[in-house]
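Worksheet for the structure shown next.
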2 protein chains.
Amino acid sequence: MGKNLVGNHIRKLRFNHDEMTQQQLADKVGVTRQTIVALEKGNYSPSLELAFRIALAFNLPLEEVFFYGDQTKQ
Amino acid sequence: MGKNLVGNHIRKLRFNHDEMTQQQLADKVGVTRQTIVALEKGNYSPSLELAFRIALAFNLPLEEVFFYGDQTKQ
DNA sequence: ACTCGATGTATAGTTTACCTTACATTTAGT
DNA sequence: ACTAAATGTAAGGTAAACTATACATCGAGT
């Protein structure tokens, strides 16, 4: 119940990005698949450093992948 | 020795922002002064959530406060 | 029917972000 | 000279991010 205030579009972006799999994204940004799973599920939000690497993996600015202010909006 | 790849402009921004003190910024974003000190010194990078709150405190997009890719550049 | 890749879930362990407290140093004001 | 605000530094503790391993489920091919 971490009251996670940060959301993300990782799952959506993975599919827009040539059907990238969790494992492929994990490898690309240098974490384990478990971490990607947890982020997609919203279990916790990533470190800033990891957030930057994920944004880079999608060639997007960080704020188009992650957003502050509750929920699935935006 | 965290090999911190994320840098920030917090100290600079504090002075541009009506001479805001470490303590004032800490209060505004809901952490202790020690955390601000550590961030300014580059001891570690903040959580994504805290990064968002700090950017909000300066009324700037996150990527104008924090940057990825080594060093004092940018 | 069988295999295999992708995903979901769980548990235990390490690392690091952040807190608390405390004290020392510098600078400005009186 | 004294005080007080702002900053630097350090040590011990908690919580959350992340790893490692393991197993289970589901869908697509063959």
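Letters A, B, ... are given to chains in the order of the sequence lines, protein chains preceding strands, and every chain is numbered from 1. Given the structure is predicted, the values throughout are model-derived calculations rather than measurements.
Across all strands, B/Thr32 comes closer than 4.0 Å to base atoms (heavy-atom distances).
Here C/dT9 presents its P atom at 14 Å from OH of A/Tyr44, a figure rounded to the nearest Å. What separates CG of B/Asn43 from P of C/dA17 is a distance of 9 Å, to the nearest Å. Computed from coordinates, the A/Leu39 CG to C/dG8 C1' distance equals 15 Å when rounded to whole Å. The interatomic distance linking B/Leu50 (CG) with D/dA17 (C1') rounds to 14 Å, in whole Å. Atom P of nucleotide C/dT25 and atom CD of B/Gln22 are separated by 18 Å, given to the nearest angstrom. Between B/Ile10 atom CD1 and C/dC18 atom C1' the separation is 14 Å, expressed in whole Å. Between the CZ atom of A/Arg14 and the P atom of C/dG5 there is a distance of 16 Å, given to the nearest Å. Spacing between atom CD of B/Glu49 and atom P of D/dA17 amounts to 8 Å, rounded to whole angstrom units.
Between B/Lys41 and D/dG8, a side-chain N or O to OP1/OP2 separation shorter than 4.0 Å is absent. For B/Arg11 and D/dG8, the shortest distance from a side-chain N or O to OP1 or OP2 is below 4.0 Å. An OP1 or OP2 oxygen of D/dA5 is reached within less than 4.0 angstrom by no side-chain nitrogen or oxygen of B/Thr21. Taking side-chain N and O atoms only, A/Ser47 has a distance below 4.0 Å to OP1 or OP2 of D/dC18.
Of the listed residues (A/Glu40, A/Gln24, A/His9), just one forms a side chain to side chain donor-acceptor pair (under 3.5 Å) with A/Arg14, and that residue is A/Glu40. Screening B/Leu56, B/Ile54, B/Leu48 for a side chain to side chain contact (heavy atoms under 4.5 Å, CB included) with B/Leu62, the sole residue that qualifies is B/Leu48.
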Next item on the list: For B/Leu50 and B/Leu39, run side chain to side chain contact (heavy atoms under 4.5 Å, CB included): C-alpha distance rounded to whole Å, both residues' side-chain angles, the deciding distance at 0.1 Å, then the answer.
Entry: CA-CA 11 Å; B/Leu50 177 54; B/Leu39 295 179; 4.1 Å; yes
Note to self: Quick one, A/Phe58 with A/Met20, criterion side chain to side chain contact (heavy atoms under 4.5 Å, CB included). Give me CA distance, side-chain angles, the key distance, then yes/no.
What the structure shows: CA-CA 10 Å; A/Phe58 291 129; A/Met20 184 183 265; 4.2 Å; yes
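Each of D/dT9, D/dC18, C/dA6 was ranked by its minimum atom distance to the side chain of B/Arg33; first place goes to D/dT9. Comparing atom distances between the B/Thr35 side chain and each of C/dG8, D/dC18, C/dC19 picks out C/dC19 as nearest.
Both A/Glu40 and B/Val31 sit near DNA chain C, but only A/Glu40 has its closest nucleotide nearer the 5' end.
Applying the 3.5 Å distance criterion, the base of C/dA10 shares a donor-acceptor pair with the side chain of A/Gln34.
Looking only at distances, no side-chain donor or acceptor of A/Arg33 sits under 3.5 Å from a matching main-chain atom of A/Gln22.
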